[in-house]
There are 2 protein chains.
Amino acid sequence: MQARPISKPKPQNATQKVADALALAIHEHRLMPGTKLGEDEIGEIYNVSRTVVRAALQSLAHIQLVEIQRNKGAFVASPTTREAREVFEARILLEPRTARSAASRATPRDIEILKDHIAQEHLALDAGDNGRALNLSGRFHIEIARIADQNTISQFIETLIARSSLVIALYWRRESALCESHAHHALVQSIADGDEQNAEELMHSHIVDLNSALDLRDRPVQAQNLRELLQATDQ
Amino acid sequence: MQARPISKPKPQNATQKVADALALAIHEHRLMPGTKLGEDEIGEIYNVSRTVVRAALQSLAHIQLVEIQRNKGAFVASPTTREAREVFEARILLEPRTARSAASRATPRDIEILKDHIAQEHLALDAGDNGRALNLSGRFHIEIARIADQNTISQFIETLIARSSLVIALYWRRESALCESHAHHALVQSIADGDEQNAEELMHSHIVDLNSALDLRDRPVQAQNLRELLQATDQ
DNA sequence: ATGTTCGAAATTGTATACAATCTGACCGCA
DNA sequence: TGCGGTCAGATTGTATACAATTTCGAACAT
(Lines give C-alpha, C1' and ligand atoms only; values in the text may rest on other atoms or scores of the structure.)
Protein backbone atom coordinates (compact mmCIF):
# COMPACT_ATOMS: atom_id res chain seq x y z
CA MET A 1 0.00 0.00 0.00
CA GLN A 2 2.91 2.33 0.36
CA ALA A 3 2.89 4.73 -2.50
CA ARG A 4 6.61 5.13 -2.91
CA PRO A 5 9.26 2.53 -3.65
CA ILE A 6 11.13 3.38 -0.48
CA SER A 7 13.91 5.47 -1.97
CA LYS A 8 13.86 8.51 -4.18
CA PRO A 9 16.33 8.15 -7.02
CA LYS A 10 17.53 11.72 -6.68
CA PRO A 11 14.79 14.21 -7.35
CA GLN A 12 16.16 16.03 -4.35
CA ASN A 13 16.79 19.68 -3.89
CA ALA A 14 20.04 20.58 -5.58
CA THR A 15 20.25 23.83 -3.68
CA GLN A 16 20.20 22.08 -0.36
CA LYS A 17 22.92 19.68 -1.40
CA VAL A 18 25.23 22.50 -2.41
CA ALA A 19 24.45 24.45 0.73
CA ASP A 20 25.12 21.40 2.89
CA ALA A 21 28.39 20.66 1.14
CA LEU A 22 29.59 24.23 1.59
CA ALA A 23 28.45 24.32 5.20
CA LEU A 24 30.31 21.12 5.93
CA ALA A 25 33.47 22.45 4.36
CA ILE A 26 33.20 25.58 6.47
CA HIS A 27 32.48 23.66 9.64
CA GLU A 28 35.47 21.44 9.04
CA HIS A 29 37.64 24.49 8.49
CA ARG A 30 38.52 23.51 4.97
CA LEU A 31 37.13 26.84 3.87
CA MET A 32 38.51 29.53 6.10
CA PRO A 33 36.87 32.87 6.91
CA GLY A 34 37.35 35.43 4.18
CA THR A 35 37.53 32.92 1.35
CA LYS A 36 35.85 34.15 -1.78
CA LEU A 37 33.03 31.94 -2.98
CA GLY A 38 32.65 32.63 -6.68
CA GLU A 39 29.37 31.54 -8.18
CA ASP A 40 30.74 30.11 -11.41
CA GLU A 41 33.51 28.30 -9.59
CA ILE A 42 31.15 26.56 -7.20
CA GLY A 43 28.72 25.85 -9.99
CA GLU A 44 31.39 24.01 -11.96
CA ILE A 45 32.45 22.01 -8.92
CA TYR A 46 28.97 20.68 -8.25
CA ASN A 47 27.75 20.75 -11.84
CA VAL A 48 24.85 23.04 -11.24
CA SER A 49 23.95 26.41 -12.62
CA ARG A 50 24.61 29.70 -10.89
CA THR A 51 20.91 29.84 -10.06
CA VAL A 52 21.16 27.10 -7.49
CA VAL A 53 24.56 28.26 -6.26
CA ARG A 54 23.13 31.68 -5.59
CA ALA A 55 20.21 30.20 -3.70
CA ALA A 56 22.59 28.11 -1.62
CA LEU A 57 24.82 31.08 -0.86
CA GLN A 58 21.86 33.21 0.15
CA SER A 59 20.69 30.45 2.41
CA LEU A 60 24.10 30.28 4.05
CA ALA A 61 24.22 34.05 4.28
CA HIS A 62 21.05 33.99 6.28
CA ILE A 63 22.60 31.89 9.00
CA GLN A 64 25.65 34.10 8.67
CA LEU A 65 28.02 31.40 7.56
CA VAL A 66 28.78 33.50 4.53
CA GLU A 67 28.63 37.20 3.96
CA ILE A 68 27.29 38.59 0.70
CA GLN A 69 28.46 41.99 -0.45
CA ARG A 70 26.43 43.47 -3.22
CA ASN A 71 28.15 43.36 -6.58
CA LYS A 72 31.19 41.89 -4.89
CA GLY A 73 30.22 38.35 -4.14
CA ALA A 74 30.00 35.90 -1.28
CA PHE A 75 32.74 35.19 1.24
CA VAL A 76 33.04 32.86 4.15
CA ALA A 77 32.02 35.06 7.05
CA SER A 78 34.61 36.56 9.38
CA PRO A 79 32.90 37.31 12.68
CA THR A 80 34.36 40.23 14.55
CA THR A 81 35.42 39.83 18.15
CA ARG A 82 32.24 41.56 19.08
CA GLU A 83 30.11 39.14 17.13
CA ALA A 84 32.09 36.31 18.68
CA ARG A 85 31.25 37.57 22.15
CA GLU A 86 27.61 37.95 21.21
CA VAL A 87 27.42 34.42 19.89
CA PHE A 88 28.72 32.96 23.11
CA GLU A 89 26.54 35.19 25.24
CA ALA A 90 23.55 33.93 23.33
CA ARG A 91 24.70 30.35 23.75
CA ILE A 92 25.05 30.85 27.48
CA LEU A 93 21.53 32.19 27.53
CA LEU A 94 19.97 29.40 25.49
CA GLU A 95 21.88 26.18 25.86
CA PRO A 96 21.88 25.56 29.62
CA ARG A 97 18.11 25.83 29.69
CA THR A 98 17.95 23.52 26.72
CA ALA A 99 20.21 20.97 28.38
CA ARG A 100 17.90 21.00 31.37
CA SER A 101 14.97 20.32 29.16
CA ALA A 102 16.86 17.55 27.41
CA ALA A 103 17.63 15.92 30.75
CA SER A 104 13.95 15.82 31.52
CA ARG A 105 12.97 14.22 28.23
CA ALA A 106 15.80 12.08 26.95
CA THR A 107 14.94 8.52 26.04
CA PRO A 108 17.40 5.62 26.16
CA ARG A 109 17.63 5.90 22.40
CA ASP A 110 18.66 9.53 22.73
CA ILE A 111 21.41 8.61 25.16
CA GLU A 112 22.64 6.04 22.67
CA ILE A 113 22.87 8.68 20.00
CA LEU A 114 24.74 11.08 22.22
CA LYS A 115 27.25 8.44 23.27
CA ASP A 116 27.72 7.52 19.66
CA HIS A 117 28.51 11.12 18.86
CA ILE A 118 31.18 11.21 21.51
CA ALA A 119 32.66 7.94 20.29
CA GLN A 120 32.88 9.23 16.74
CA GLU A 121 34.41 12.39 18.01
CA HIS A 122 37.14 10.36 19.72
CA LEU A 123 37.75 8.44 16.54
CA ALA A 124 38.13 11.59 14.51
CA LEU A 125 40.53 13.05 17.05
CA ASP A 126 42.63 9.90 17.10
CA ALA A 127 42.73 10.00 13.33
CA GLY A 128 44.03 13.55 13.57
CA ASP A 129 41.03 14.87 11.70
CA ASN A 130 40.44 17.97 13.80
CA GLY A 131 38.00 19.44 11.33
CA ARG A 132 35.71 16.46 11.54
CA ALA A 133 36.08 16.35 15.31
CA LEU A 134 35.06 19.99 15.58
CA ASN A 135 32.05 19.43 13.38
CA LEU A 136 30.95 16.44 15.44
CA SER A 137 31.44 18.40 18.60
CA GLY A 138 29.06 21.02 17.27
CA ARG A 139 26.52 18.46 16.22
CA PHE A 140 26.60 17.09 19.73
CA HIS A 141 25.17 20.37 20.97
CA ILE A 142 22.61 20.39 18.21
CA GLU A 143 21.57 16.88 19.14
CA ILE A 144 20.92 17.96 22.71
CA ALA A 145 18.74 20.76 21.44
CA ARG A 146 16.84 18.27 19.33
CA ILE A 147 16.27 16.07 22.35
CA ALA A 148 14.94 19.05 24.25
CA ASP A 149 12.19 19.02 21.63
CA GLN A 150 12.00 22.75 21.14
CA ASN A 151 12.32 23.23 17.43
CA THR A 152 12.32 26.99 17.51
CA ILE A 153 15.11 27.26 20.02
CA SER A 154 16.93 24.37 18.38
CA GLN A 155 17.10 26.34 15.19
CA PHE A 156 18.61 29.29 16.98
CA ILE A 157 21.18 27.06 18.60
CA GLU A 158 21.99 25.53 15.26
CA THR A 159 22.92 28.89 13.83
CA LEU A 160 24.91 29.72 16.93
CA ILE A 161 26.88 26.50 16.62
CA ALA A 162 27.54 27.28 12.99
CA ARG A 163 28.86 30.72 13.82
CA SER A 164 30.86 29.29 16.69
CA SER A 165 32.74 27.22 14.17
CA LEU A 166 33.84 30.38 12.43
CA VAL A 167 34.72 32.02 15.72
CA ILE A 168 36.87 29.06 16.66
CA ALA A 169 38.59 29.16 13.30
CA LEU A 170 39.52 32.77 13.91
CA TYR A 171 40.10 33.10 17.62
CA TRP A 172 40.97 29.73 19.09
CA ARG A 173 44.10 29.81 21.23
CA ARG A 174 46.51 27.12 20.28
CA GLU A 175 47.66 26.78 23.84
CA SER A 176 44.36 25.57 25.19
CA ALA A 177 43.56 21.95 24.66
CA LEU A 178 40.78 21.13 22.27
CA CYS A 179 39.58 18.11 24.19
CA GLU A 180 36.17 18.94 25.45
CA SER A 181 35.09 15.37 25.25
CA HIS A 182 35.35 15.06 29.01
CA ALA A 183 32.79 17.80 29.46
CA HIS A 184 30.57 16.16 26.86
CA HIS A 185 30.81 12.86 28.63
CA ALA A 186 29.79 14.34 31.97
CA LEU A 187 26.89 16.09 30.28
CA VAL A 188 25.58 12.89 28.78
CA GLN A 189 25.79 11.27 32.18
CA SER A 190 23.70 13.91 33.85
CA ILE A 191 21.19 13.82 31.02
CA ALA A 192 20.98 10.07 31.25
CA ASP A 193 20.38 10.41 34.97
CA GLY A 194 17.66 12.94 34.36
CA ASP A 195 19.51 15.32 36.64
CA GLU A 196 18.16 18.57 35.24
CA GLN A 197 19.98 20.89 37.58
CA ASN A 198 23.33 19.25 36.96
CA ALA A 199 22.82 19.19 33.19
CA GLU A 200 22.04 22.87 33.16
CA GLU A 201 25.08 23.74 35.24
CA LEU A 202 27.41 21.51 33.28
CA MET A 203 26.30 23.03 30.02
CA HIS A 204 26.78 26.48 31.41
CA SER A 205 30.31 25.87 32.58
CA HIS A 206 31.12 24.00 29.40
CA ILE A 207 30.25 26.98 27.26
CA VAL A 208 32.06 29.33 29.59
CA ASP A 209 35.11 27.11 29.23
CA LEU A 210 34.85 27.17 25.48
CA ASN A 211 34.57 30.91 25.53
CA SER A 212 37.57 31.34 27.76
CA ALA A 213 39.64 29.31 25.34
CA LEU A 214 39.19 32.08 22.80
CA ASP A 215 41.42 35.07 22.41
CA LEU A 216 38.95 37.85 21.78
CA ARG A 217 41.23 40.81 22.23
CA ASP A 218 40.47 43.35 19.54
CA ARG A 219 43.12 43.24 16.90
CA PRO A 220 43.51 42.85 13.17
CA VAL A 221 42.68 39.22 12.71
CA GLN A 222 44.76 38.61 9.65
CA ALA A 223 46.13 40.80 6.97
CA GLN A 224 43.82 38.93 4.65
CA ASN A 225 41.54 41.52 3.21
CA LEU A 226 42.25 45.06 4.21
CA ARG A 227 39.50 46.28 2.01
CA GLU A 228 36.79 44.74 4.11
CA LEU A 229 38.35 45.95 7.32
CA LEU A 230 39.05 49.49 6.24
CA GLN A 231 36.35 50.76 3.99
CA ALA A 232 33.06 51.59 5.58
CA THR A 233 30.77 49.17 3.86
CA ASP A 234 27.13 50.04 3.91
CA GLN A 235 25.53 46.68 3.41
CA MET B 1 35.45 64.33 -1.51
CA GLN B 2 32.44 62.16 -0.99
CA ALA B 3 32.22 59.74 -3.81
CA ARG B 4 28.48 59.52 -4.11
CA PRO B 5 25.97 62.28 -4.73
CA ILE B 6 24.19 61.66 -1.43
CA SER B 7 21.31 59.57 -2.71
CA LYS B 8 21.26 56.42 -4.74
CA PRO B 9 18.76 56.81 -7.58
CA LYS B 10 17.55 53.26 -7.15
CA PRO B 11 20.32 50.76 -7.63
CA GLN B 12 18.95 49.13 -4.55
CA ASN B 13 18.29 45.51 -3.96
CA ALA B 14 15.04 44.65 -5.63
CA THR B 15 14.81 41.41 -3.71
CA GLN B 16 14.86 43.17 -0.39
CA LYS B 17 12.15 45.57 -1.45
CA VAL B 18 9.83 42.75 -2.47
CA ALA B 19 10.60 40.81 0.69
CA ASP B 20 9.93 43.86 2.85
CA ALA B 21 6.68 44.60 1.08
CA LEU B 22 5.47 41.05 1.54
CA ALA B 23 6.61 40.94 5.15
CA LEU B 24 4.74 44.16 5.88
CA ALA B 25 1.59 42.83 4.28
CA ILE B 26 1.84 39.70 6.40
CA HIS B 27 2.54 41.62 9.58
CA GLU B 28 -0.43 43.83 8.98
CA HIS B 29 -2.62 40.79 8.41
CA ARG B 30 -3.48 41.78 4.88
CA LEU B 31 -2.09 38.44 3.79
CA MET B 32 -3.49 35.74 6.00
CA PRO B 33 -1.85 32.41 6.84
CA GLY B 34 -2.31 29.85 4.11
CA THR B 35 -2.48 32.35 1.28
CA LYS B 36 -0.78 31.11 -1.85
CA LEU B 37 2.04 33.33 -3.02
CA GLY B 38 2.43 32.61 -6.72
CA GLU B 39 5.72 33.69 -8.23
CA ASP B 40 4.34 35.08 -11.46
CA GLU B 41 1.57 36.91 -9.66
CA ILE B 42 3.93 38.67 -7.27
CA GLY B 43 6.35 39.36 -10.07
CA GLU B 44 3.69 41.19 -12.04
CA ILE B 45 2.64 43.21 -9.02
CA TYR B 46 6.11 44.54 -8.33
CA ASN B 47 7.34 44.47 -11.93
CA VAL B 48 10.23 42.17 -11.32
CA SER B 49 11.13 38.77 -12.68
CA ARG B 50 10.47 35.51 -10.96
CA THR B 51 14.15 35.36 -10.10
CA VAL B 52 13.91 38.13 -7.55
CA VAL B 53 10.52 36.98 -6.31
CA ARG B 54 11.95 33.55 -5.62
CA ALA B 55 14.86 35.04 -3.73
CA ALA B 56 12.48 37.15 -1.67
CA LEU B 57 10.25 34.18 -0.89
CA GLN B 58 13.19 32.04 0.14
CA SER B 59 14.37 34.82 2.38
CA LEU B 60 10.95 35.00 4.03
CA ALA B 61 10.83 31.23 4.26
CA HIS B 62 14.00 31.29 6.26
CA ILE B 63 12.43 33.40 8.97
CA GLN B 64 9.37 31.20 8.65
CA LEU B 65 7.01 33.89 7.53
CA VAL B 66 6.28 31.77 4.47
CA GLU B 67 6.41 28.08 3.92
CA ILE B 68 7.77 26.66 0.69
CA GLN B 69 6.60 23.25 -0.46
CA ARG B 70 8.66 21.76 -3.22
CA ASN B 71 6.93 21.87 -6.59
CA LYS B 72 3.88 23.35 -4.91
CA GLY B 73 4.85 26.89 -4.16
CA ALA B 74 5.05 29.36 -1.33
CA PHE B 75 2.31 30.08 1.20
CA VAL B 76 2.01 32.43 4.09
CA ALA B 77 3.03 30.23 7.00
CA SER B 78 0.42 28.71 9.30
CA PRO B 79 2.11 27.98 12.61
CA THR B 80 0.66 25.03 14.46
CA THR B 81 -0.41 25.44 18.05
CA ARG B 82 2.78 23.71 19.01
CA GLU B 83 4.89 26.14 17.06
CA ALA B 84 2.91 28.96 18.60
CA ARG B 85 3.73 27.71 22.06
CA GLU B 86 7.38 27.35 21.17
CA VAL B 87 7.56 30.86 19.85
CA PHE B 88 6.24 32.31 23.05
CA GLU B 89 8.42 30.09 25.19
CA ALA B 90 11.42 31.35 23.29
CA ARG B 91 10.26 34.93 23.71
CA ILE B 92 9.89 34.42 27.44
CA LEU B 93 13.41 33.09 27.51
CA LEU B 94 14.99 35.87 25.49
CA GLU B 95 13.06 39.09 25.87
CA PRO B 96 13.02 39.70 29.63
CA ARG B 97 16.80 39.43 29.73
CA THR B 98 16.99 41.75 26.75
CA ALA B 99 14.71 44.29 28.41
CA ARG B 100 16.99 44.24 31.43
CA SER B 101 19.95 44.94 29.24
CA ALA B 102 18.06 47.72 27.48
CA ALA B 103 17.26 49.31 30.82
CA SER B 104 20.95 49.44 31.61
CA ARG B 105 21.96 51.04 28.34
CA ALA B 106 19.11 53.18 27.06
CA THR B 107 19.97 56.77 26.18
CA PRO B 108 17.49 59.66 26.30
CA ARG B 109 17.32 59.39 22.54
CA ASP B 110 16.28 55.75 22.85
CA ILE B 111 13.52 56.68 25.26
CA GLU B 112 12.30 59.25 22.78
CA ILE B 113 12.09 56.62 20.09
CA LEU B 114 10.19 54.20 22.29
CA LYS B 115 7.69 56.82 23.33
CA ASP B 116 7.24 57.77 19.72
CA HIS B 117 6.45 54.17 18.89
CA ILE B 118 3.77 54.06 21.53
CA ALA B 119 2.29 57.32 20.30
CA GLN B 120 2.08 56.06 16.75
CA GLU B 121 0.53 52.87 18.01
CA HIS B 122 -2.20 54.89 19.69
CA LEU B 123 -2.80 56.84 16.52
CA ALA B 124 -3.15 53.70 14.47
CA LEU B 125 -5.56 52.23 17.00
CA ASP B 126 -7.67 55.37 17.04
CA ALA B 127 -7.75 55.26 13.27
CA GLY B 128 -9.04 51.73 13.49
CA ASP B 129 -6.02 50.39 11.62
CA ASN B 130 -5.44 47.30 13.70
CA GLY B 131 -2.96 45.84 11.25
CA ARG B 132 -0.68 48.82 11.48
CA ALA B 133 -1.07 48.91 15.24
CA LEU B 134 -0.05 45.29 15.51
CA ASN B 135 2.98 45.86 13.34
CA LEU B 136 4.05 48.84 15.41
CA SER B 137 3.55 46.88 18.57
CA GLY B 138 5.94 44.26 17.25
CA ARG B 139 8.48 46.83 16.22
CA PHE B 140 8.36 48.19 19.73
CA HIS B 141 9.79 44.91 20.98
CA ILE B 142 12.38 44.90 18.23
CA GLU B 143 13.40 48.41 19.18
CA ILE B 144 14.03 47.32 22.75
CA ALA B 145 16.23 44.52 21.48
CA ARG B 146 18.16 47.02 19.40
CA ILE B 147 18.69 49.22 22.42
CA ALA B 148 20.02 46.24 24.31
CA ASP B 149 22.78 46.27 21.71
CA GLN B 150 22.98 42.54 21.21
CA ASN B 151 22.68 42.07 17.49
CA THR B 152 22.68 38.31 17.55
CA ILE B 153 19.87 38.03 20.06
CA SER B 154 18.06 40.92 18.42
CA GLN B 155 17.91 38.98 15.22
CA PHE B 156 16.39 36.01 16.99
CA ILE B 157 13.81 38.24 18.61
CA GLU B 158 13.02 39.78 15.27
CA THR B 159 12.09 36.42 13.81
CA LEU B 160 10.09 35.57 16.92
CA ILE B 161 8.11 38.79 16.60
CA ALA B 162 7.48 38.02 12.96
CA ARG B 163 6.17 34.58 13.77
CA SER B 164 4.14 36.00 16.63
CA SER B 165 2.28 38.07 14.11
CA LEU B 166 1.19 34.90 12.36
CA VAL B 167 0.28 33.27 15.64
CA ILE B 168 -1.87 36.22 16.58
CA ALA B 169 -3.58 36.12 13.21
CA LEU B 170 -4.52 32.51 13.81
CA TYR B 171 -5.11 32.16 17.51
CA TRP B 172 -6.01 35.51 18.98
CA ARG B 173 -9.13 35.42 21.12
CA ARG B 174 -11.56 38.11 20.16
CA GLU B 175 -12.71 38.40 23.75
CA SER B 176 -9.43 39.64 25.10
CA ALA B 177 -8.63 43.27 24.59
CA LEU B 178 -5.81 44.12 22.24
CA CYS B 179 -4.65 47.11 24.19
CA GLU B 180 -1.21 46.31 25.41
CA SER B 181 -0.16 49.90 25.23
CA HIS B 182 -0.44 50.19 28.97
CA ALA B 183 2.13 47.44 29.42
CA HIS B 184 4.36 49.09 26.85
CA HIS B 185 4.10 52.38 28.64
CA ALA B 186 5.11 50.89 31.98
CA LEU B 187 8.01 49.15 30.29
CA VAL B 188 9.34 52.36 28.82
CA GLN B 189 9.08 53.97 32.22
CA SER B 190 11.19 51.32 33.89
CA ILE B 191 13.72 51.42 31.07
CA ALA B 192 13.92 55.17 31.32
CA ASP B 193 14.49 54.84 35.06
CA GLY B 194 17.23 52.30 34.45
CA ASP B 195 15.35 49.91 36.70
CA GLU B 196 16.70 46.66 35.31
CA GLN B 197 14.87 44.34 37.64
CA ASN B 198 11.53 45.97 36.97
CA ALA B 199 12.07 46.04 33.22
CA GLU B 200 12.84 42.35 33.20
CA GLU B 201 9.79 41.49 35.25
CA LEU B 202 7.48 43.73 33.27
CA MET B 203 8.61 42.23 30.01
CA HIS B 204 8.13 38.75 31.38
CA SER B 205 4.59 39.36 32.54
CA HIS B 206 3.81 41.26 29.36
CA ILE B 207 4.68 38.28 27.22
CA VAL B 208 2.86 35.92 29.54
CA ASP B 209 -0.19 38.13 29.17
CA LEU B 210 0.09 38.08 25.41
CA ASN B 211 0.38 34.34 25.46
CA SER B 212 -2.63 33.90 27.68
CA ALA B 213 -4.69 35.93 25.25
CA LEU B 214 -4.25 33.17 22.70
CA ASP B 215 -6.44 30.16 22.28
CA LEU B 216 -3.94 27.40 21.70
CA ARG B 217 -6.18 24.41 22.14
CA ASP B 218 -5.34 21.81 19.54
CA ARG B 219 -7.90 21.75 16.85
CA PRO B 220 -8.13 21.90 13.07
CA VAL B 221 -7.24 25.49 12.42
CA GLN B 222 -9.19 25.85 9.24
CA ALA B 223 -10.43 23.46 6.69
CA GLN B 224 -8.14 25.24 4.29
CA ASN B 225 -5.77 22.61 3.01
CA LEU B 226 -6.37 19.05 4.06
CA ARG B 227 -3.42 17.85 2.07
CA GLU B 228 -0.95 19.67 4.26
CA LEU B 229 -2.57 18.40 7.38
CA LEU B 230 -2.99 14.82 6.35
CA GLN B 231 -0.14 13.63 4.21
CA ALA B 232 3.19 13.14 5.92
CA THR B 233 5.36 15.56 4.02
CA ASP B 234 9.02 14.80 4.18
CA GLN B 235 10.30 18.24 3.22
C1' DA C 1 59.39 55.93 -10.14
C1' DT C 2 54.78 57.29 -8.74
C1' DG C 3 50.20 58.18 -9.52
C1' DT C 4 46.09 58.61 -12.62
C1' DT C 5 42.85 57.39 -16.35
C1' DC C 6 40.74 54.35 -19.26
C1' DG C 7 39.09 50.01 -20.92
C1' DA C 8 38.80 45.02 -21.37
C1' DA C 9 37.95 40.91 -18.70
C1' DA C 10 35.64 38.95 -15.04
C1' DT C 11 31.86 38.74 -11.78
C1' DT C 12 27.44 39.60 -10.06
C1' DG C 13 22.26 41.14 -10.73
C1' DT C 14 18.24 40.34 -13.37
C1' DA C 15 15.40 38.52 -17.04
C1' DT C 16 14.02 35.00 -20.02
C1' DA C 17 13.75 30.21 -21.84
C1' DC C 18 13.28 25.47 -21.22
C1' DA C 19 12.36 21.12 -18.32
C1' DA C 20 9.94 18.78 -14.67
C1' DT C 21 6.03 18.44 -11.85
C1' DC C 22 1.56 19.28 -10.28
C1' DT C 23 -3.50 20.51 -10.88
C1' DG C 24 -7.86 19.86 -12.48
C1' DA C 25 -11.17 18.75 -15.74
C1' DC C 26 -12.93 15.74 -19.11
C1' DC C 27 -14.19 11.22 -20.44
C1' DG C 28 -15.05 6.32 -20.40
C1' DC C 29 -16.64 2.55 -17.84
C1' DA C 30 -18.62 -0.24 -14.17
C1' DT D 1 -23.86 8.08 -10.04
C1' DG D 2 -19.29 7.18 -8.82
C1' DC D 3 -14.64 5.87 -9.76
C1' DG D 4 -10.26 6.01 -12.19
C1' DG D 5 -7.30 7.40 -16.04
C1' DT D 6 -5.46 10.60 -19.28
C1' DC D 7 -4.16 14.90 -21.09
C1' DA D 8 -3.78 19.99 -21.37
C1' DG D 9 -2.86 24.06 -18.73
C1' DA D 10 -0.58 26.14 -15.09
C1' DT D 11 3.21 26.45 -11.77
C1' DT D 12 7.64 25.58 -10.04
C1' DG D 13 12.81 24.04 -10.68
C1' DT D 14 16.84 24.82 -13.30
C1' DA D 15 19.70 26.59 -16.98
C1' DT D 16 21.07 30.06 -20.01
C1' DA D 17 21.33 34.85 -21.84
C1' DC D 18 21.83 39.59 -21.22
C1' DA D 19 22.74 43.94 -18.33
C1' DA D 20 25.20 46.34 -14.73
C1' DT D 21 29.07 46.71 -11.84
C1' DT D 22 33.53 45.85 -10.27
C1' DT D 23 38.33 44.53 -10.87
C1' DC D 24 42.76 44.93 -12.55
C1' DG D 25 46.31 46.03 -15.56
C1' DA D 26 48.35 48.82 -19.13
C1' DA D 27 49.15 53.17 -21.10
C1' DC D 28 50.26 57.71 -20.06
C1' DA D 29 51.31 62.03 -17.64
C1' DT D 30 53.74 64.08 -13.88
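Lettering follows sequence order; numbering is per chain, from 1.
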Discussion item. Whole angstroms only, please: what is the CD-P distance between B:Gln69 and D:dT11?
Written reply: 16 Å

Response to the item:
Rounded to whole Å, the CZ-P distance (A:Arg50 to C:dA10) equals 15 Å

Worksheet item: Below 4.0 angstrom from OP1 or OP2 of D:dG13, is there any side-chain N or O of B:Arg54?
Response: yes

Worksheet item: Which whole-number value in Å describes the distance from A:Tyr46 OH to D:dG13 P?
Response: 22 Å

Worksheet entry | A:Asn13 side chain near D:dT14 phosphate (N/O to OP1/OP2, under 4.0 Å) | yes

Practice prompt. For A:Asn71 and for A:Thr51, find the nucleotide of DNA chain D with the closest heavy atom, then tell me which residue's nucleotide is more 5'.
Written response: A:Thr51

Worksheet entry | Rounded distance (Å) that lies between atom P of D:dT11 and atom CD of B:Glu44 | 10 Å

Practice prompt. Nearest whole angstrom, please: distance from the P of C:dT12 to the CG of A:Leu37.
Written response: 10 Å

Worksheet item: Out of D:dT22, C:dT23, C:dT14, which has the shortest distance to the side chain of B:Lys72?
Response: C:dT23

Practice prompt. To the nearest Å, give me how far apart CD (B:Glu39) and C1' (D:dA10) are.
Written response: 12 Å

Item to complete: Starting from the C-alpha separation in whole Å, work towards a yes-or-no answer on side-chain hydrogen bond (donor to acceptor under 3.5 Å, both in side chains) for A:His27 and A:Arg139.
Response: CA-CA 10 Å; A:His27 284 144; A:Arg139 279 172 50 191; over 6 Å; no

Fill in: CZ/A:Arg109: more than 12 non-hydrogen atoms of other groups inside 6.0 Å
no

Worksheet item: To the nearest Å, how far apart are B:Lys36 NZ and D:dT11 C1'?
Response: 6 Å

Item to complete: Nearest whole angstrom, please: distance from the P of C:dA10 to the CG of A:Asp40.
Response: 11 Å

Worksheet entry | Residues A:Arg82 and A:Glu86 bridged, charged N to O under 4.0 Å | yes

Practice prompt. Could you tell me whether the side chains of A:Asn151 and A:Ser154 share a donor-acceptor contact shorter than 3.5 Å?
Written response: no

